[in-house]
There are 2 protein chains.
Amino acid sequence: MEPMHVHIVYAHPSTGSLNAALRDEAIRTLEARGHSTTLSDLYAMKWKPVADYDDLGPVTDENFMEASGEAHRSGTLSDDIRREQQLLLDADAVILQFPLWWFTMPAIMKGWVDRVLTNGFGYGTVRGWRRYGEGVLAGKHGLAIVTTGAAEAHMSDRGINGSIDDLLFPINHGIFFYTGMDALPPVHIAGAVRLDEDGYRAGVERLRRRLEALEETEPIAYRAQRGGDYDEHRRLKPGLERPGASGFDLHIA
Amino acid sequence: MEPMHVHIVYAHPSTGSLNAALRDEAIRTLEARGHSTTLSDLYAMKWKPVADYDDLGPVTDENFMEASGEAHRSGTLSDDIRREQQLLLDADAVILQFPLWWFTMPAIMKGWVDRVLTNGFGYGTVRGWRRYGEGVLAGKHGLAIVTTGAAEAHMSDRGINGSIDDLLFPINHGIFFYTGMDALPPVHIAGAVRLDEDGYRAGVERLRRRLEALEETEPIAYRAQRGGDYDEHRRLKPGLERPGASGFDLHIA
């Protein structure tokens, strides 16, 4: 096993939370395996969550997206953004850890995504931009560690909230895989509102086992954009879906 | 037709953007029909996007979610949050308008959701909390107006990004319907990166027609939690799905 460097991006407002305890367990487990870690604790850092012109330095384009790309090319993006970009480039694995709020990440972490994965780094507006299996973060692993107040059944395949896998598709496929990373199956700790001591211990145990197997975990088998599965309109070619697959599952080979 | 009051929550960093033009068209169209509007322009308001203890005033509970509920009950939530809650209560329809960034809303709008729809107002941790078809905003209409840089095909049923309807499920079902609102089919303006004059005119025309029919538009037929379709674990009962439906579509009757 090669030691890896893992960058953890973490968001929770309370230092005494379940999430804080899980974060500490994660770091301990990774370092005990010989991996190194860096941590961006977004609340503690008072991370600026709103993408705006203040991020860009002097730009000429008025279109915000184009101006973001201009700032990236000319190296005038603010220091906090460039620091996070470098942390990502230096990492072998990236962990996003957060409580699921309104079925996605808290605003402060969404603001990390919006600002760090900017035009020219995380995505491009040019045709043929390398994405979905290729990109600036290709070859790295991406892992979401997510707590939900809701019980597991409520977030299962037929659960009223939608399945946790579908809810996390925009992150696993739309952020990790989009930028080139392998998306590992997420670690989901459910029932966080009423978690008792046994539930907590079981959750920690599951988290530990997943992190101890980080290097050899099979990623979600998303289809590469350039793998031949999509037509020129970026639609999955007819007949390629697994039997019965529909919705987001179409994009798993 | 009864005149309605429409509260528009809007997020885009650029005052000269496509989104700004569409917002102005929306307001003009609604007011020409005799409706009244209020607007929360989150960037212009410098909306505080991060939910934290500063929002809560004096609280005793250390758990952030519980403390949020405590602040709601005791009336100590910050003024900006309570003002938005009142605007929602006063509205007959709520519009969320935003560019799709990383497959969901920009961070500043996510922070509006996180902070305004707080514990005790938008959701509860008590068993039997009224949600999915019932709730504090019951009887109101919810409408998302969304622009995407990606072309329509890329966001269609077999499109590589996932379908726009699935990507917006966490908003239509998870925010509008969760809090009791009827979720209307979204207005999606695709290909925003390369929109020419004709494309813009067609988009505006579509937006106008949708807003002119706001009162009589059929909402998405999500299943009410208390309608008998879910079992005691909040899972859709076997056999109730429409033929071939899976994933998020299970929750449409």
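Here is how names work: the chains are called A, B, and so on, in the same order as the sequence lines, proteins then strands, and each is numbered from 1. In this text the structure is predicted, and so the values were computed from the model without any measurement.
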Atom [atom1] of [X] and atom [atom2] of [Y]: how far apart are they, to the nearest 0.5 Å?
X        : Y        : atom1 : atom2 : value
A/Asp166 : B/Ser246 : CG    : OG    : 8.0 Å
B/Ile164 : B/His188 : CD1   : NE2   : 4.5 Å
A/Ser40  : A/His7   : OG    : NE2   : 3.5 Å
A/Lys237 : A/Arg235 : NZ    : CZ    : 13.5 Å
A/Leu236 : A/Glu241 : CG    : CD    : 6.0 Å
B/Asp165 : B/Ile252 : CG    : CD1   : 7.5 Å

So what's closer than 4.5 Å to chain A heavy atoms on [X]: side chain, backbone, both or neither?
X        : result
B/Thr179 : side chain
B/Arg115 : neither
B/His173 : side chain
B/Ala245 : neither
B/Leu42  : neither
B/His251 : side chain
B/Asp157 : both
B/Glu62  : backbone
B/Asp249 : neither
B/Phe248 : both
B/Ser17  : neither
B/Tyr222 : neither
B/Met109 : neither

Among [options], residue most engaged with chain A (heavy-atom pairs, under 4.5 Å):
options                                : answer
B/Thr125, B/Leu18, B/Asp52             : B/Thr125
B/Trp101, B/Phe103, B/Trp102           : B/Trp102
B/Asn161, B/Asp229, B/Thr104           : B/Asn161
B/Ala153, B/Gly174, B/Ala107, B/Gly149 : B/Ala107
B/Ala67, B/Gly159, B/Ala11             : B/Gly159

Among [options], which residue has the highest count of heavy-atom pairs closer than 4.5 Å to chain B?
options                               : value
A/Ala150, A/Ser163, A/Gly16, A/Gly122 : A/Gly122
A/Ala51, A/Pro106, A/Gly244, A/Ala151 : A/Ala51
A/Trp47, A/Trp112, A/Tyr178           : A/Tyr178
A/Met155, A/Arg158, A/Gln225          : A/Arg158
A/Ile108, A/Asn63, A/Leu117           : A/Leu117
A/Gly111, A/Pro49, A/Gly247, A/Pro170 : A/Pro49

Short side-chain to backbone donor-acceptor contact, [X] and [Y], under 3.5 Å:
X        : Y        : answer
A/Lys110 : B/Met105 : yes
B/Arg223 : A/Ile160 : no
B/Asn119 : B/Met65  : yes
B/Ser78  : B/Ile81  : no
A/Tyr43  : A/Thr15  : no
A/Lys48  : A/Val50  : yes

- [ ] Can you tell which part of A/Asp231 gets under 4.5 Å to a heavy atom of chain B, answering side chain, backbone, both or neither?
- [x]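 Contact with chain B: none, neither part.
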- [ ] Check whether A/Ile175 gets within reach of chain B through its side chain, its backbone, both or neither, counting any heavy atom under 4.5 Å.
- [x]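 Its backbone and side chain both get close to chain B.
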TODO: Test A/Pro186 against every option in A/Leu168, A/Ile171, A/Leu96, A/Leu167 by the side chain to side chain contact (heavy atoms under 4.5 Å, CB included) rule and name the one that passes.
DONE: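 Testing A/Pro186 for a side chain to side chain contact (heavy atoms under 4.5 Å, CB included) against A/Leu168, A/Ile171, A/Leu96, A/Leu167 leaves exactly one candidate, A/Leu168.
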Open item on the list: Other residues, nucleotides and ligands only: do more than 12 of their heavy atoms fall within 6.0 Å of CZ on A/Arg242?
Closed with: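 Enclosed: over 12 neighbouring heavy atoms sit under 6.0 Å from CZ of A/Arg242.
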Open item on the list: When you compare the side chain of B/Arg23 with that of B/Asp41, does any pair of heavy atoms fall below 4.5 Å?
Closed with: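 In contact.
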